[in-house]
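Just so we're on the same page: letters track the sequence lines, and every chain starts at 1. In what follows, every heavy atom counts, from backbone to side chain, and hydrogens, waters and symmetry copies are set aside.
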Amino acid sequence: MSDPTLTAAELAAVDLGSLTPPEAEALQRRIAASVEVAPLPLGGLRTVAGLDVAYSRTSDTVTAAVVVLDATTQQVLAQATATGTATFPYVPGLLAFREVPVLLRAWERLEVAEPPDVLVCDGAGRAHPRRAGLACHLGLLLGLPSVGVSKTPSVGGHEPPGPARGDWAPVVDGGEVVGRALRTRDGTKEVWMSVGHRADLDSATALVLATATRYRLPEPVRAADHLGRRVLRAGV
DNA sequence: GCGACAG
DNA sequence: ATCTTGTCGC
């Protein structure tokens, strides 16, 4: 019935780019079985990392960006990028296999005394066909709490959330609540968020709202998005 | 068999 | 994801 679990070390040892789609899907089932659900330590959050990947339109060059912000002041404490070639094509449901390798290279370049307390990824977490979106994959691999936030819906359906910041509606897929459609700003389009690793929906919602005050998307994700685009354009 | 499916 | 000008609004 349930797939065998996977440790961070075992996941890290996998050459993601060499997997066939069926093998990648099998790995995702194990990731889904290994992800942990727990409240984020909101009171003790000191730093939040945002992660994103920018794509070139003229080539298969990609740039991954990681930005670490102070959880309370939102000041940038550290940032790193890595540019490379996309080896895995974009396949719906297999985004992590395209983005994780280059994201890890950026991650390794980060110069921080302590790892960030939580990861906010541009993409899905459990709101995924196999409950193993990018945020689950990265959180498990890095052994850190993680949350996924996307600008467009992934799997599942939901009622429209109320019009005010903080309003949300559960996203249901296959009879299971897999995430939330959350309004982060009054009168603006909602974002779709779901749990990655070592998080739960309530605390993840609080984190997303706390980091998305001025704009629709959480500041860590915006910062990573902007950094990735800048570096990609500069051709570094 | 057909459609859905983050970036 | 990425391609793009203007436009409305704080």
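Among all heavy-atom pairs drawn from Val100(A) and Leu16(A), the shortest one is CG1-CD1, 3.5 Å. Taking every heavy atom of both residues into account, Leu144(A) and Pro116(A) meet most closely at CD2-O, 3.7 Å. Of all non-hydrogen atoms in Arg165(A) and Thr184(A), the two that sit nearest each other are NH1-O, 3.0 Å.
Within 4.0 Å of Arg229(A), counting heavy atoms only, lie sugar-phosphate atoms of the nucleic acid but no base atom.
Once you apply a 4.0 Å limit to the heavy atoms of chain A, the touched nucleotides of DNA chain C run 5' to 3' over dA1(C) to dT4(C).
Thr63(A) and Thr83(A) are linked by a side-chain donor-acceptor pair at a separation below 3.5 angstrom, with hydrogens and angles left out of the test. Side-chain atoms of Tyr55(A) and Glu99(A) include a donor-acceptor pair closer than 3.5 Å. Using modelled atom types, one finds no donor on one side chain facing an acceptor on the other under 3.5 Å when comparing Asp202(A) with Thr205(A). Using modelled atom types and a 3.5 Å distance limit, the side chains of Trp168(A) and His158(A) yield no donor-acceptor pair.
Ring pair His137(A)/Phe97(A) is perpendicular by interplanar angle, where above 60° counts as perpendicular and below 30° as parallel.
Where pairing requires Watson-Crick or G-U contacts shorter than 3.5 Å, DNA chain C shows no helical stem with at least three consecutive pairs.
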**Complete:** Quick tally for nucleotides 1-7 of chain B: nucleotides whose base has a protein heavy atom under 4.0 Å get B, sugar-phosphate-only ones S, the rest -, giving ----BBB

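Counting heavy atoms from C-beta on, the side chains of Leu141(A) and Leu104(A) come closer than 4.5 Å. Contact of the Trp192(A) side chain with the Val149(A) side chain is not registered, since no non-hydrogen atoms from C-beta on lie closer than 4.5 Å.
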